[in-house]
2 protein chains.
Amino acid sequence: MCTWYLQVTSTKPGVMTETTQLTAAHRELIDQVFDKWSLQVLEALCEKPSRFNELRHAIPTVTQKSLTATLRRLERNGMIERVIISSRPIAVEYRITSLGGTLEDLIDALLHWSTAHMPAVQRARARFDDETPPPHDASS
Amino acid sequence: MCTWYLQVTSTKPGVMTETTQLTAAHRELIDQVFDKWSLQVLEALCEKPSRFNELRHAIPTVTQKSLTATLRRLERNGMIERVIISSRPIAVEYRITSLGGTLEDLIDALLHWSTAHMPAVQRARARFDDETPPPHDASS
DNA sequence: CTGTATCCTCTTGGATACTG
DNA sequence: CAGTATCCAAGAGGATACAG
């Protein structure tokens with residue numbers, strides 16, 4: 001089984017050596033970094049640094065507002081950095097940071113998992129929907 | 001760098017051997033399985049099968065409605081199974097399925113990541129908030 | 001005990017217009 | 001180009017009541 005109470009081993013004993021249980025702050029971080037838009041932004045920036053409109057094009061379904069909000073949040077959490085390139089007309093490039101780079105394997109594993117198990121998921125959904133028909137319909 | 005177009009290697013060549021790019025369906029699945037409540041439910045059920053009210057207690061901030069919705073969604077995706085135990089008064093136990101079990105390492109990695117990098121994140125946030133003071137306040 | 005149903009609030013996020 | 005500001009609709013989610 002898995003142990004969900006993680007052991008944090010600090011190089012300085014006595015400072016942070018007790019088992020640290022997951023707090024709301026940990027979950028908040030996970031929510032912010034692994035949400036719908038963040039994941040796609042991080043994918044894109046993992047491939048190559050990109051400018052604002054490049055990202056908009058790479059993620060066709062995102063709106064300007066949501067993209068801006070996502071970029072700000074990722075920047076605040078230290079996952080990406082915002083680099084102002086020129087000044088006529090202004091250009092901005094977003095890059096993944098070294099901290100953000102620690103996500104690469106994780107995101108990779110996530111995407112592989114979804115790809116590997118998608119067929120099984122679809123079978124499960126079909127079975128569920130078959131056994132649990134929608135509750136409307138009083139004519140049958 | 002990472003390649004976000006995943007190679008699906010089937011044992012039956014010619015059936016599913018072309019590179020499969022991530023579709024909206026993949027992202028939908030990830031969203032449904034790795035969202036706020038799902039993650040905590042899966043954690044709890046990874047530790048041990050639990051009944052409805054046990055889960056409510058294990059996740060104090062979830063409401064009945066959200067918990068029910070999360071459980072249904074996870075069941076539909078084949079991650080957990082719903083087992084009716086007795087019938088006076090009815091008891092229901094939720095268990096992780098073998099498909100859901102494939103998530104264990106992934107969730108483990110996720111939680112470890114959040115714990116390992118939380119200090120760096122907090123430093124990044126402090127710096128960001130320091131450089132970008134809230135825009136209100138016209139008195140200073 | 002394990003839900004479903006209803007109401008209602010509050011946030012998320014899309015569309016649009018405007019700015020440096 | 002790279003945003004900010006505003007408005008508004010739709011949905012998530014909480015509180016409460018009720019049912020099998």
Side-chain angles (χ1 to χ4, degrees), chain A residues 24 27-28 31-41 44-45 48-76 80-95 128 131-138, chain B residues 24 27-28 30-41 44-45 49-76 80-95 128 131-138:
Chain A
R27 307 193 178 286
E28 185 201 11
D31 285 344
Q32 290 188 6
V33 171
F34 291 90
D35 84 313
K36 178 176 175 176
W37 298 130
S38 299
L39 224 44
Q40 298 184 61
V41 167
L45 295 185
K48 67 168 179 47
S50 304
R51 304 201 1 211
F52 189 81
N53 276 352
E54 283 185 282
L55 288 172
R56 281 193 78 177
H57 177 258
I59 311 168
T61 51
V62 77
T63 61
Q64 200 176 43
K65 182 181 173 180
S66 300
L67 180 55
T68 304
T70 301
L71 289 168
R72 287 290 171 282
R73 190 166 46 231
L74 288 176
E75 187 192 357
R76 188 175 108 92
I80 64 178
E81 74 183 326
R82 187 170 174 276
V83 184
I84 295 164
I85 301 243
S86 77
S87 51
R88 278 288 297 119
I90 190 170
V92 176
E93 190 175 86
Y94 291 94
R95 300 177 190 169
F128 184 91
E131 291 171 358
T132 316
H136 69 77
D137 183 8
Chain B
R27 307 193 179 285
E28 184 200 11
I30 292 176
D31 285 346
Q32 289 188 8
V33 171
F34 290 89
D35 85 313
K36 179 175 175 176
W37 297 129
S38 298
L39 223 45
Q40 298 184 61
V41 166
L45 294 186
S50 304
R51 303 201 4 210
F52 189 82
N53 276 353
E54 284 185 282
L55 288 172
R56 283 193 76 177
H57 177 257
I59 310 171
T61 52
V62 76
T63 61
Q64 201 175 42
K65 181 181 175 180
S66 300
L67 181 56
T68 303
T70 301
L71 289 169
R72 287 292 171 280
R73 191 166 45 232
L74 288 175
E75 187 192 358
R76 189 175 108 91
I80 64 177
E81 75 181 325
R82 185 169 175 275
V83 185
I84 296 165
I85 301 242
S86 76
S87 51
R88 280 285 298 117
I90 191 170
V92 176
E93 190 175 86
Y94 292 94
R95 302 178 189 169
F128 183 92
E131 291 170 359
T132 315
H136 71 79
D137 184 4

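In what follows, every chain begins at residue 1, and chains take the letters A, B, ... in the order their sequences are listed. Keep in mind the model is a prediction, meaning the values are calculated, not measured.
With sequence neighbours left out, the side chain to side chain donor-acceptor pair (under 3.5 Å) criterion links A:Thr68 to no other residue. Here A:Arg56 pairs with nothing under the side chain to side chain donor-acceptor pair (under 3.5 Å) rule; sequence neighbours left out. In this structure, the side-chain contact (heavy atoms from CB on, under 4.5 Å) partners of B:Gln32, at least two apart in sequence or on a different chain, are A:Arg125, B:Glu28, B:Arg73, B:Asn77.
Taking a pair as Watson-Crick or G-U with both hydrogen-bonding distances under 3.5 Å, the stems of three or more pairs touching DNA chain D are C:1-20 with D:1-20.
Side-chain contact between A:Arg95 and A:Leu45 is absent, with no heavy atoms from C-beta onward closer than 4.5 Å. Looking only at side-chain heavy atoms (C-beta outward), B:Phe52 and B:Glu93 stay at 4.5 Å or farther from each other. The closest side-chain heavy-atom distance from A:Trp37 to A:Thr61 is below 4.5 Å. For the pair A:Leu55 and A:Tyr94, the minimum side-chain heavy-atom distance is below 4.5 Å.
Nucleotides of DNA chain D with any atom under 4.0 Å from a heavy atom of chain B span, from 5' to 3', D:dG13 to D:dG20.
The minimum heavy-atom distance linking B:Ala44 with B:Ser50 is given by the pair O-OG, 4.4 Å. Scanning both residues, A:Asp31 and A:Asp35, for their nearest heavy atoms gives O-CB, 3.2 Å.
Residue B:Arg72 has a polar side-chain atom (N or O) positioned under 4.0 Å from OP1 or OP2 of C:dT4. Contact annotation: B:Arg82 side-chain N/O to C:dT2 OP1/OP2 distance is not under 4.0 Å.
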Protein-to-nucleotide contact annotation, 5' to 3' order, nucleotides 6-20 of chain C [B base; S sugar-phosphate only; - none; under 4.0 Å, heavy atom]: -B-----BB--B--B

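Salt bridge A:Glu54/A:Lys48: present, at least one basic N to carboxylate O contact under 4.0 Å.
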